[in-house]
Amino acid sequence: MATRTLIIQLLYLLSAVVFILGLKRLSSPATARGGNALASLGMLLAVCGALLEPEILTFQWLIVGAVVGGLAGSLMARMVKMTAMPQMVGVFNGFGGAASGLVAAAEYFTYLRNVAETSVPALDGSISIMAGTLIGAVTFSGSMIAFGKLQGLVTEKAVTYALQKTLNALLFTGILAIIVYLVVRTPDLLSSTGGVAQIQVLYLALAAAALLLGILLVIPIGGADMPVVISLLNSYSGLAAAAAGFVLSNNVLIISGALVGASGLILTNIMCKAMNRSLANVVFGAFGQTTGGPVAGAKRTMADVNDVQADDVAMLLAYAKQVVVVPGYGLAVAQAQHKLRELADQLGKRGVTVKYAIHPVAGRMPGHMNVLLAEANVPYPQLYEIDDVNPDMPNVDACLVVGANDVVNPAARDDPNSDIAGMPIVEVDRAKHCVVMKRSLNPGFAGIDNELFYLRNTMMLFGDAADSITKLIEEVKQL
Amino acid sequence: MATRTLIIQLLYLLSAVVFILGLKRLSSPATARGGNALASLGMLLAVCGALLEPEILTFQWLIVGAVVGGLAGSLMARMVKMTAMPQMVGVFNGFGGAASGLVAAAEYFTYLRNVAETSVPALDGSISIMAGTLIGAVTFSGSMIAFGKLQGLVTEKAVTYALQKTLNALLFTGILAIIVYLVVRTPDLLSSTGGVAQIQVLYLALAAAALLLGILLVIPIGGADMPVVISLLNSYSGLAAAAAGFVLSNNVLIISGALVGASGLILTNIMCKAMNRSLANVVFGAFGQTTGGPVAGAKRTMADVNDVQADDVAMLLAYAKQVVVVPGYGLAVAQAQHKLRELADQLGKRGVTVKYAIHPVAGRMPGHMNVLLAEANVPYPQLYEIDDVNPDMPNVDACLVVGANDVVNPAARDDPNSDIAGMPIVEVDRAKHCVVMKRSLNPGFAGIDNELFYLRNTMMLFGDAADSITKLIEEVKQL
Amino acid sequence: MTGTILVSVYVFVLAMFVGFEVITKVPPTLHTPLMSGSNAISGISIVGALVIAGAGHGTLFVAIGVLAVAMATINVVGGFLVTDRMLQMFRREADSTE
Amino acid sequence: MTGTILVSVYVFVLAMFVGFEVITKVPPTLHTPLMSGSNAISGISIVGALVIAGAGHGTLFVAIGVLAVAMATINVVGGFLVTDRMLQMFRREADSTE
Ligand SMILES: NC(=O)c1ccc[n+]([C@@H]2O[C@H](COP(=O)([O-])OP(=O)(O)OC[C@H]3O[C@@H](n4cnc5c(N)ncnc54)[C@H](OP(=O)(O)O)[C@@H]3O)[C@@H](O)[C@H]2O)c1
Ligand SMILES: NC(=O)c1ccc[n+]([C@@H]2O[C@H](COP(=O)([O-])OP(=O)(O)OC[C@H]3O[C@@H](n4cnc5c(N)ncnc54)[C@H](OP(=O)(O)O)[C@@H]3O)[C@@H](O)[C@H]2O)c1
């Protein structure tokens, strides 16, 4: 084997190893950044390997593509706000899937083109191509819809219509039919006149159908479930890459694809667990198609809530022994993490023990709150998981709910008919006092009303979290 | 590809997967047994795959081999006493290595034989063969010596002589020389007359040299380090299997070989850490070549020890609040684990809290004591690691050292010049009282004297652990 | 062909195991970075894309190739940068506690 | 040939990773069973041995093969049985605490 091929192969092997080592380092915050750097190094190695491939004759075009992509990518990465992280991942995701799909397509056309020289590919060869096309296309269109939903370009509601599942099922069967037909009949078709044309048409039909399927699969899923969908699509994009690897029988593609596939599946799983929903239920449940959702009792109004001002809250907090802060998506929207930390510091100075209770699905991505608070340099030891805080809630003097809603909704615990029934929550209602900061009584992502706001020991501090917290800091300083 | 080959390949793939799943289940005592069963299922699958291989023409011979081996293996497994576990593993190990080596050899001879038809193998092909031969042979002879040492057939002492390392180095270089020569020159030799004969001679020389190397490498290692050596050889036997896999380019061999290689390396590492020695020091340190070892101060005699009877000890234990039992190799020798548990139960009945302190290298294999006590149905929660018991030693009324010696030797902590300096110990000398049960003042495996026996708050209860404990039980019952 | 496919299956299965083992060790704190980081890795298809774009099999293929390269690059570059941006915070955090 | 070797290297490396990840999770309590269990697995070379013993390439090879099969089988059968014997105790233990 030519030394060149050997070098290429070794570069690929090395890059695969580096990817794994990089992911291993992601398991501790201290080493995580290095791990990410390592992973990108792995990517660099793989690219070098690819550039050495003898098939490459002209570089100008791929340079064009790389430059364009590089610029676009870095711009997007710099621009994106932390709150928009899920969409961003969604977009990148879709592009990755598309790329894999295109690779498969190109391979197929190359094969059809120089079918004269090449021998008919073995069954499984073309199977991998079809698989790559299918997964790639679904990942792309699905991710784009997910992006649209999170960005508000497409309705966040779960769009449902009659026979929806039936339609999807039919579409899917159609796709399978085309694949089988193509895989089995290709050899004969090639030898028949106009066969190639027919094949191309069929293949394009396949691609189109796959794109449509992606759209139809994601459209009926409610906005609240998007993060799950995105992480599922993430694992798909990995599988798409792996499929491309099968097509090119290129191990580095297979390995990294599998790694991504695995990580996506695990994360999806974790999210579903945290929401106490099955993946099937997330994907087919058309959860959150109703905006309001069943409200316990008659519709409540502002009149029923105990609406307080910053000074009252400041008083309560300043003289509390133990305060538990429950951050939610609202904190991210208000970008109030730094202020929040400042408030906590103030309270700390006054001898108040401040704990942060981090709900696994608070925010819009797993670990979303951790990222936010880390950004504000909140020391680790102050972050607690639900199970660590819930038990001695009754001894907590005040819970400070900052832009969280669903994750503190007692309905999840009490109302078996609730959309989020069974989802573990931070039981702030069991604390001595509970202060909820949000701008209105509007529901959260799950789109259901929250009993908590109307409880006797709950105080509502309305307004943007950032403003409210600023006020609180002032007030506390006064005392 | 023939469906038959496909089936074989799938069987192999499946078996590899099953091996991994089996090992995963070994990570919890509850699932461990199932894991072992699963692993053996994996082996069965692999064997089925092998039996389907088209090369196999006659079954009678391999049946003979399998039956003989099966009987021998099951007999050995049933006979072996728990104390002899290390040597047993050593023997099995050696056989495994030998088998891999023989496979490589057979492949080489087959190749030489029908060299007429076959093309000259690529460089790396023969490299894998040589590697397989080398590792296999070293594993075999090394394991046998290790077995001999632990069984007392070969002196347990570290046999050292002038220029030892030089000799080994020379031998190793010689082996490498032969390998290189064979790999590079084979093609030409084959075309020259009598070349084949020459090759065979060289190859046999290689094998012989490798066997010798294995012996010379293990001979200079003291008995106390044998378990480490065995686990190292264990990982070698894995690598040997992997090498054979490279030769046959058979993935299941490669995978399972790699798994074993990894596990062996990890265990070796753990043991070395627990003894606070580097692997290099274990392999080349010729540790324990002296029987006595440096004795702190003048040689002490029976006169200096506080030699007590069972009744005194029974009294002490029965009225203690907290007792920490420190089992050691002696417990295994005396097979007193069941009696020990009975004693603990008796004390428990009297309201004494009994904890077992398990030193990582107590006994002769990692986890040796855990196995023993598990055999006696000692409940898990009663087993503690060193770091859990050492801190509040001063509050412990009585430490009961049952056949342990090195792992409770204060020299490891106090005497920087001691052979075992720096090895973590159970600090029984810091307890209010300490009872040591052994048959004499003889040193333990490390072969060094133990200050502990002469301390004021230490009582020596001489005699076989089983007998002493029986007495203790009687006495305690009396009270 | 089938031979290589079979081997590919081995590689895939093993890589899946590695993935599961490694990823399950990642704490919730790092799940978002993990998500975007692994997402960046899925841009590995750039390897295939580059070859196609460079092979110059004619306009159609170059077009497909360039498109693929561009998209994959966005995924890779964007993914790693975003992840780094997130982890930077953690990093600072880690230092400040060290 | 080199191609297959390269693939073998991939498989080997990945398997090594899997091994390290999986084994490091095994608690000290189970190290002895792990040692003898993995030892039994190393008897996998029985696969190669069987083929040689069955190929009937003449006495020499049959002899080598049979010897190899016998030794490998001892390793496998013995290893798994011993491990099971040890784990039986744990098992009983587990039950009694359940
Ligand atoms: N984390 C994940 O991985 C993940 C994945 C999938 C789904 N989800 C879903 O996302 C939701 C997360 O729950 P959550 O409690 O964190 O968030 P949430 O239930 O979506 O509630 C966020 C609340 O923040 C308030 N808010 C928005 N902007 C604000 C601002 N500038 N200042 C103050 N308040 C503001 C909103 O009320 P106002 O409009 O009245 O201000 C809203 O009710 C759950 O339903 C979860 O299932 C999360
Ligand atoms: N566990 C591992 O993985 C491992 C690996 C490598 C090395 N090692 C080494 O093995 C040693 C283990 O330390 P250890 O304290 O457990 O054992 P030890 O230091 O070898 O001492 C065992 C003691 O038990 C006594 N004994 C023997 N038979 C007895 C019987 N029937 N009744 C009562 N006592 C009996 C012996 O004294 P008498 O002869 O006076 O009775 C001996 O001093 C360490 O040196 C360690 O480094 C362990």
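In what follows, chains carry the letters A, B, and so on, assigned in the order in which the sequence lines appear, proteins first and then strands, with residues in each chain numbered from 1. None of these values were measured; they are calculated from a predicted model. Atom set for the values below is all heavy atoms of this structure, side chains included, hydrogens, waters and symmetry mates excluded.
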Any donor-acceptor pair under 3.5 Å from B:Asn250 side chain to D:Gly48 backbone: no
If you round to the nearest 0.5 Å, how far is CG of B:Leu259 from CZ of D:Phe20? 11.0 Å
D:Leu30 versus B:Ser27: any side-chain heavy-atom pair under 4.5 Å? no
For residues D:Phe80 and B:Leu41, determine if any side-chain heavy atom of one lies less than 4.5 Å from a side-chain heavy atom of the other. no
Using a 4.5 angstrom heavy-atom cutoff, name the option from B:Leu71, B:Leu239, B:Val68, B:Val80 with the most pairs to chain D. B:Val80
Option that, when pairs with chain B are counted at under 4.5 Å, heavy atom only, ranks first among D:Val26, D:Leu34, D:Asp84: D:Asp84
Distance (rounded to the nearest 0.5 Å) between B:Met271 CE and D:Met35 CE: 4.5 Å
Does the side chain of D:Ile41 come within less than 4.5 Å of B:Leu23's, by heavy atoms? yes
Would you give the length of the straight line joining atom CG of B:Leu51 to atom CG of D:Leu50, rounded to the nearest 0.5 angstrom? 5.5 Å
Which answer fits B:Ser15, side chain, backbone, both or neither, if we ask what part of it has an atom under 4.5 Å from a heavy atom of chain D? neither
Straight-line distance of D:Ser42 OG to B:Tyr236 OH, nearest 0.5 Å: 14.5 Å
Among B:His368, B:Met43, B:Glu55, which has the most heavy-atom pairs under 4.5 Å with chain D? B:Met43
Side chain, backbone, both or neither of D:Ile52 within contact of chain B (heavy atoms, under 4.5 Å): side chain
Please determine, among B:Val252, B:Asn93, B:Leu248, the option with the most heavy-atom pairs under 4.5 Å with chain D. B:Asn93
Working for side-chain contact (heavy atoms from CB on, under 4.5 Å), residues D:Tyr10 and B:Ile254: CA-CA 10 Å; D:Tyr10 270 100; B:Ile254 299 179; over 6 Å; no
